[in-house]
Undergrad: 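I have a structure I would like to understand better, so I am pasting it below and will then ask my questions one at a time.
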Amino acid sequence: MAVAGCHVMAKPTGSVCNIDCTYCFYLEKEALYPERNKNWRMTDETLETYIQQHIAAQHGDHVLFAWQGGEPTMMGLDFFRRVVALCAKYANGKKIEHALQTNGIVLNDEWASFFAANQFLIGLSIDGPAHLHNQYRVNRAGKGTHEQVVAAMALLKAHNVAFNTLTVVGKHNVGHAREVYDFLLAAGSRHMQFIPLVERMSTEESSVLNLVLPGESAATLAPWTVPSWQFGEFLNQIFDIWIQRDVEHVSVQMFDVALAAWTGQPPVLCVHSETCGHAFALESNGDLYNCDHFVYPEHLLGNIHQQSIEEMNNSEQANAFGLAKRETLTPDCRRCDYRFACHGGCPKHRFAVSPTGHPGHNYLCAGYKHFFQHVTRYMNVWRELMANGYPPAAIMQWVAQERSTAAQAVNRNDPCPCGSGKKYKKCCGQRR
């Protein structure tokens, strides 16, 4: 039976980028594919072949093109003008949309005007305020990029370009949840993604890469990796602010993941879907891989100059890779109360040992469980409210009533009933 469609993350520059983020796993791909150092740009022929095939591979009336890197803006604005023209040529009546992830460094009025005119959704990478962002997101000279990214965000807002902020959460900023959230709000972000930073370093001296392939055993955690439980706590602290006041006007991807799971909606994020296998990565030379986290020779599906995307999407290799996400869950995962929401997380992160001693467990399990436990009560109530016809924002009224009732029985020096760990007078008591 044919698969209904697929998602493709196209990387027209491959791993080539104009900044030098210390924690970036893309940059190391240059060691695996040294021939791409000179011929890193996607050719016009490959671009046209890709656009034609990607549109043809989607069985519905809607087609999303996702542009990433490296840094896709290094292709130049004329490349994306060709993208739009080719999409119009091959659309065949389908609605075409574009999403582009960028570090924002080269954006100017011309770029922003183009994005606005062609309704691009922009994902802008920013790790919080300057003292956090600049720890790892630096240019080739080792200088921080924060000022340029903030300017890029202001430019996008000025031109009414739809954008998300993509915040990598690592050891550098995981202890600053409220500061990061408040900064993003003040800067104008209303759609936020918090991406856990998990990488491992090889312990073998002869290794080609410092960062290891998924599943490789001879490794130790990279020093910037986010501690698992702390990632859940980071999400919890932001959730406690968001659920009180920001539900109507701020979207946080992980909170959308939870609400979708509790209300029986399709997964918002492939990481938390039951199976995967149909979210591919396209390299600049036309090579198509199982997943952006698995751009290694053993996960190469083929090249679009020899096989079509639709053929590779329906291949035994693609289907087997996707089903393995469900079939390789540890016994702990299978018994977990939150399996319906988590589904074992991304296979890339399944290198830990489970609490009962089974290998292949997700490193982020403790953090995910901490988060899902924390939001369970809210999600149960929210599901009932929505089932009874209330709008999503009604949850804020319920939270306000709950906390008002709880506060009446709380002494100023008691632990705050919101669960923050602070005294009531230093937390919710300040807002009364």
Undergrad: Without swapping roles, check the side chain of Ser15 against the backbone of Gly70 for a donor-acceptor pair under 3.5 Å.
TA: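 Checked: no pair found.
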Undergrad: Between Glu248 and Arg190 (salt bridge meaning N to carboxylate O under 4.0 Å), is one present in this structure?
TA: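 No, no charged N to carboxylate O under 4.0 Å.
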Undergrad: Can any side-chain N or O of Asn134 pair as donor or acceptor with the backbone N or O of Thr145 at less than 3.5 Å?
TA: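 Flag set: sc Asn134 to bb Thr145 pair under 3.5 Å.
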Undergrad: So, Arg383 and Asn380: side-chain donor and acceptor under 3.5 Å apart, yes or no?
TA: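 Yes, Asn380 and Arg383 have a side-chain donor paired with an acceptor closer than 3.5 Å.
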Undergrad: Minimum heavy-atom separation for Asp332 and Ser354, please, with both atom names.
TA: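 In terms of heavy atoms, the two residues are closest at OD1-OG, 2.7 Å.
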Undergrad: Any chance the rings of Tyr50 and Phe65 have centres within less than 6.0 Å?
TA: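 Ring-ring flag for Tyr50/Phe65: true, centres closer than 6.0 Å.
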Undergrad: The criterion is salt bridge (Lys or Arg N to Asp or Glu O under 4.0 Å); which residues satisfy it with Arg245, sequence neighbours excluded?
TA: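 Partners of Arg245 under the salt bridge (Lys or Arg N to Asp or Glu O under 4.0 Å) test: Asp182.
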Undergrad: Is it the case that atom CG in Asn388 sees more than 12 heavy atoms from other parts of the structure closer than 6.0 Å?
TA: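 Result for CG/Asn388: enclosed.
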Undergrad: Is a side-chain N or O of Asn164 found less than 3.5 angstrom from the main chain of Gln193, in a donor-acceptor match?
TA: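 Such a contact is absent between Asn164 side chain and Gln193 backbone.
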Undergrad: So which atom in Leu132 and which in Asp127 form the shortest heavy-atom distance, rounded to 0.1 Å?
TA: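 So the minimum-distance heavy-atom pair works out to CB-O, 4.0 Å.
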Undergrad: Would you indicate whether the side-chain heavy atoms of Ile309 and Ile304 approach each other to under 4.5 Å?
TA: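 The answer is yes, as the side chains (C-beta and beyond) meet within the 4.5 Å cut-off.
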Undergrad: For Leu156 versus Leu107, what's the shortest heavy-atom pair and its separation?
TA: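 Smallest interatomic distance, heavy atoms only, reads CD2-CD1, 4.2 Å.
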Undergrad: Before we go on, tell me: are the rings of Phe80 and Trp67 under 6.0 Å apart, centre to centre?
TA: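 So the answer is yes for these two rings.
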Undergrad: Ignoring hydrogens and angles, tell me if any N or O in the side chain of Asp292 forms a donor-acceptor pair with the backbone of Ala279 under 3.5 Å.
TA: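 It does not hold such a pair.
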Undergrad: Could you go step by step and tell me if Val198 and Phe231 meet the side chain to side chain contact (heavy atoms under 4.5 Å, CB included) rule?
TA: CA-CA 11 Å; Val198 180; Phe231 176 63; over 6 Å; no
Undergrad: Only distances under 3.5 Å count here; give the side-chain donor-acceptor pairs of residues 358-367 to other protein atoms, sequence neighbours excluded, each with its distance to 0.1 Å.
TA:
{"from": "His358", "atom 1": "ND1", "to": "Thr356", "atom 2": "OG1", "distance (Å)": "3.0"}
{"from": "His361", "atom 1": "ND1", "to": "Thr330", "atom 2": "OG1", "distance (Å)": "2.7"}
{"from": "Asn362", "atom 1": "OD1", "to": "Leu364", "atom 2": "N", "distance (Å)": "2.8"}
{"from": "Asn362", "atom 1": "ND2", "to": "Gly344", "atom 2": "O", "distance (Å)": "2.9"}
{"from": "Asn362", "atom 1": "ND2", "to": "Cys346", "atom 2": "O", "distance (Å)": "3.4"}
{"from": "Tyr363", "atom 1": "OH", "to": "Val226", "atom 2": "O", "distance (Å)": "2.7"}

Undergrad: Is there a donor-acceptor contact under 3.5 Å from the side chain of Asn313 to the main chain of Gly5?
TA: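 The answer is yes, because a donor-acceptor pair under 3.5 Å joins these two groups.
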Undergrad: Looking only at the side chains, is there a donor atom on one of Gln401 and Gln397 sitting less than 3.5 Å from an acceptor on the other?
TA: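 Absent: no donor and acceptor within the cut-off.
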Undergrad: Kindly determine whether Glu71 and Thr102 satisfy side chain to side chain contact (heavy atoms under 4.5 Å, CB included), including the steps that lead there.
TA: CA-CA 6 Å; Glu71 175 52 42; Thr102 178; 2.7 Å; yes
Undergrad: What distance separates Leu288 CG from Asn303 CG, expressed to the nearest 0.5 Å?
TA: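 So the gap between those two atoms works out to 8.5 Å.
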Undergrad: Are Gln317 and Asn290 side-chain neighbours, meaning at least one heavy-atom pair lies under 4.5 Å?
TA: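 Yes; the side chains approach each other to less than 4.5 Å.
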Undergrad: Which pair of non-hydrogen atoms, one from Asp240 and one from Arg403, has the smallest distance, and what is that distance?
TA: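 Asp240 and Arg403 have their closest heavy atoms at O-NH1, 3.9 Å.
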Undergrad: Between Trp382 and Pro392 (side chain of the first, backbone of the second, donor and acceptor by atom type, cut-off under 3.5 Å), is there such a pair?
TA: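 Indeed, once roles are kept as given, a pair shorter than 3.5 Å links the two residues.
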Undergrad: Mind checking whether Tyr338 and Phe372 have parallel, tilted or perpendicular rings, split at 30° and 60°?
TA: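 It falls in the parallel class, under 30°.
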Undergrad: If you look at every heavy atom in Glu179 and Pro129, which pair is closest and at what distance?
TA: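 Closest approach of Glu179 to Pro129: OE2-CG, 3.6 Å.
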Undergrad: How long is the span from the OG atom in Ser308 to the CD atom in Gln52, to the nearest 0.5 Å?
TA: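 Separation between the atoms: 10.5 Å.
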Undergrad: Side-chain contact, heavy-atom cut-off 4.5 Å: His293 with His349?
TA: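 The answer is no; the side chains never approach within 4.5 Å.
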Undergrad: How about His146 and Arg137: do any of their side-chain heavy atoms sit closer than 4.5 Å?
TA: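 Result no, sub-4.5 Å side-chain heavy-atom pair not found.
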Undergrad: Begin with the C-alpha distance, continue with both residues' side-chain angles, and end with the deciding distance and a verdict on side chain to side chain contact (heavy atoms under 4.5 Å, CB included) for Glu97 and Gln119.
TA: CA-CA 7 Å; Glu97 293 184 344; Gln119 298 181 310; over 6 Å; no
Undergrad: Is it true that, when you exclude Tyr390 itself, more than 12 heavy atoms of the residues, nucleotides or ligands shown sit nearer than 6.0 Å to its OH?
TA: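 Not buried by this count: 12 neighbours or fewer within 6.0 Å.
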Undergrad: Would you say that Glu199 contacts Lys348 through its side chain, given a criterion of any heavy-atom pair below 4.5 Å between the two side chains?
TA: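 Yes; the side chains approach each other to less than 4.5 Å.
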Undergrad: Using ring-ring contact (aromatic ring centres under 6.0 Å, His included) as the criterion, point out the one residue from Phe234, Trp224, Tyr136 that pairs with His172.
TA: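 Of the listed options, the one satisfying the test is Tyr136.
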Undergrad: Which value, rounded to the nearest 0.5 Å, describes the distance between Met379 atom CE and Met386 atom CE?
TA: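 The CE atom of Met386 is 10.0 Å from CE of Met379, to the nearest 0.5 Å.
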Undergrad: For Ile243 and Met396, work out which heavy atoms get closest and say how close.
TA: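 Smallest interatomic distance, heavy atoms only, reads O-CG, 3.2 Å.
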Undergrad: Keeping the roles fixed (side chain from Lys369, backbone from Cys336), state whether a donor-acceptor pair exists under 3.5 Å.
TA: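 Not confirmed, Lys369 side chain does not pair with Cys336 backbone.
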Undergrad: Checking side chain to side chain contact (heavy atoms under 4.5 Å, CB included) for the pair Lys95/Asp61: CA distance, chi angles, key distance, verdict?
TA: CA-CA 6 Å; Lys95 179 177 173 58; Asp61 295 328; 6.0 Å; no
Undergrad: Within a strict 4.5 Å, meaning less than it, do heavy atoms of the Met74 and Trp40 side chains meet?
TA: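 Counting from C-beta outward, Met74 and Trp40 do come under 4.5 Å.
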Undergrad: Over 60° means perpendicular and under 30° means parallel, so classify the ring planes of Phe239 and Trp242, tilted if in between.
TA: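 Judged by the thresholds at 30° and 60°, the geometry between Trp242 and Phe239 is tilted.
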Undergrad: Quick check: are there more than 12 heavy atoms from other residues, nucleotides or ligands sitting under 6.0 Å from NZ of Lys143?
TA: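 No, not enclosed.
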Undergrad: Report yes if the side chains of His343 and Thr275 come closer than 4.5 Å at any heavy-atom pair, otherwise no.
TA: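 Result no, sub-4.5 Å side-chain heavy-atom pair not found.
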Undergrad: Flag yes if more than 12 heavy atoms outside Gln373 fall under 6.0 Å of its CD atom; otherwise flag no.
TA: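 Enclosed.
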Undergrad: Can you list the residues that meet the ring-ring contact (aromatic ring centres under 6.0 Å, His included) rule with Phe321, with sequence neighbours excluded?
TA: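 Applying ring-ring contact (aromatic ring centres under 6.0 Å, His included) to Phe321 gives Phe294, His299.
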Undergrad: Does Lys325 reach the main-chain N or O of Ser273 with its side chain, forming a donor-acceptor pair under 3.5 Å?
TA: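 Pair found, side chain donor or acceptor close to backbone of Ser273.
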Undergrad: So with a 6.0 Å cut-off around CD of Glu316, is the heavy-atom count from everything else above 12?
TA: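 Not buried by this count: 12 neighbours or fewer within 6.0 Å.
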Undergrad: Decide whether Glu310 and His59 meet the rule of one side-chain donor and one side-chain acceptor closer than 3.5 Å.
TA: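 A pair is found: one side chain offers a donor N or O, the other an acceptor, under 3.5 Å apart.
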Undergrad: Considering only heavy atoms from C-beta outward, does the side chain of Thr73 approach that of Leu100 to under 4.5 Å?
TA: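 They are in contact (side-chain heavy atoms under 4.5 Å apart), so the answer is yes.
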